[in-house]
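Notes follow the structure.
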Amino acid sequence: MLRHGSRSLFNRASATSMRWRRQFSSDLPAETAEDTKFVESWKKMNPNMDPPKTPSAYMKPRPPTPANIPSKLTVNLVLPYDSVLSSKEVDMVIVPATTGQMGVLPGHVATIAELKPGILSVHEGNDVTKYFLSSGFTFVHANSVADIIAIEATPVDRLDPNLVQKGLADFQQKLNTASTDVEKAEAQIGIDVHSALNAALTG
């Protein structure tokens, strides 16, 4: 009896979780049903006044998810003050996610990944371009588009090894002499970033 009861509870829980499973953003239409209902309700209540715009009105329609996996991955690398890569078609990128190096190929599952200081590798055939990223996020969409949002991005070949070593030594000295938790945290962040820079140059 207990066995049948637990099986019944499990089946009901599974059915509920499937019924309430939220869709991925790539599964949703560009114009949501809620917006349409809102506009219809507004026109009934205020027929002489245009309805206010909702956030989706300011967004571009989402590109459709292709039926077949494309041969290329479309990459956008954006900084607060610049667009480093815009709709660039590549074979693969490897991003420095906080969970480890993450490779992204065409057809990758929709994913959001937080980035840590490290190397972004952009692969085009036999050519590999490397950027050092300070931090940020990567948004991989189901239509084989990857948006990489970073605070700073610098080509690895533009890094100065001497300045990196000097910065690492300076922050290690600051950590040794830090007297408050804030000073220790700031020094540790500097050490982490410069250690990642050093690894990018020597790796």
Next item on the list: Please report the shortest heavy-atom distance between G107 and S144, naming the atom on each side.
Entry: N-OG, 2.8 Å
Next item on the list: Please round to the nearest 0.5 Å and tell me the distance separating atom CG of L201 and atom CG of N162.
Entry: 10.0 Å
Checklist line | Gap between atom CG of L168 and atom CG of D170 - 0.5 Å precision | finding: 9.0 Å
Margin query: Starting from L133, can I reach I112 by hopping between I/L/V/M/F/W/Y residues whose side chains sit under 4.5 Å apart?
Written below: no
Check: Any luck finding a side-chain donor-acceptor pair between Q188 and D192 under 3.5 Å?
Finding: yes
Margin query: Within the structure provided, determine whether P155 and T129 are in side-chain contact (heavy-atom separation under 4.5 Å).
Written below: no
Next item on the list: Work out which heavy atom in P70 is nearest to a heavy atom in P106; give both atom names and the distance.
Entry: O-CB, 3.2 Å
Margin query: Using the side-chain contact (heavy atoms from CB on, under 4.5 Å) definition, which of the options I119, V84, V156 pairs with Y131?
Written below: V84
Checklist line | From CG (L77) to OG (S83), nearest 0.5 Å | finding: 7.5 Å
Notebook entry, point to check: Does any N or O in the side chain of S135 come within less than 3.5 Å of the main-chain N or O of P117, such that one atom is a donor and the other an acceptor?
Noted result: no
Check: With no hydrogens and no angle check, is any side-chain donor or acceptor of T111 less than 3.5 Å from a backbone partner on V109?
Finding: yes
Item checked: From CG (L115) to CG (L120), nearest 0.5 Å -> 8.5 Å
Notebook entry, point to check: Same cluster or not: are V90 and L85 linked, directly or through other Ile, Leu, Val, Met, Phe, Trp or Tyr residues, by side-chain heavy atoms under 4.5 angstrom apart?
Noted result: yes
Note to self: Please check: side-chain N/O of W42 versus main-chain N/O of M49, any donor-acceptor pairing under 3.5 Å?
What the structure shows: yes
Item checked: Flag side-chain contact, heavy atom, 4.5 Å: V122 against V75 -> no
Check: Within the side chain of H108, is there an N or O that forms a donor-acceptor pair under 3.5 Å with the backbone of V104?
Finding: no
Note to self: Between L175 and Q172, is there a side-chain heavy-atom distance shorter than 4.5 Å?
What the structure shows: no
Margin query: Please check this pair: side chain of D147 against backbone of N76, looking for a donor-acceptor N/O pair closer than 3.5 Å.
Written below: no
Margin query: If you count every heavy atom of other residues, nucleotides or ligands that lies below 6.0 Å from K72 atom NZ, does the total exceed 12?
Written below: yes
Note to self: Quick one, L159 and L197 - any side-chain contact, counting heavy atoms below 4.5 Å?
What the structure shows: yes
Margin query: Is it the case that over 12 heavy atoms from other parts of the model lie below 6.0 angstrom from the NZ atom of K116?
Written below: yes
Item checked: K174/E186 salt bridge by N-O under 4.0 Å criterion -> no
Item checked: Between E152 and Y81: side-chain donor-acceptor atoms closer than 3.5 Å -> yes
Notebook entry, point to check: In Å and rounded to the nearest 0.5 Å, what is the NE2 to CG distance from H123 to L105?
Noted result: 9.5 Å
Check: Would F139 end up clustered with V95 when hydrophobic side chains under 4.5 Å apart are linked, directly or stepwise?
Finding: no
Next item on the list: Measure the spacing between OG1 of T74 and CG of N143 and express it to the nearest 0.5 Å.
Entry: 8.0 Å
Check: Between Q173 and T177, is any side-chain donor less than 3.5 angstrom from a side-chain acceptor?
Finding: no
Next item on the list: Kindly work out whether a path of hydrophobic side-chain contacts (I/L/V/M/F/W/Y, heavy atoms less than 4.5 Å apart) joins M102 to F137.
Entry: no
Item checked: D82 atom CG, over 12 foreign heavy atoms within 6.0 Å -> yes
Note to self: Measuring only between side-chain heavy atoms, which start at C-beta, is L73 closer than 4.5 Å to E89?
What the structure shows: no
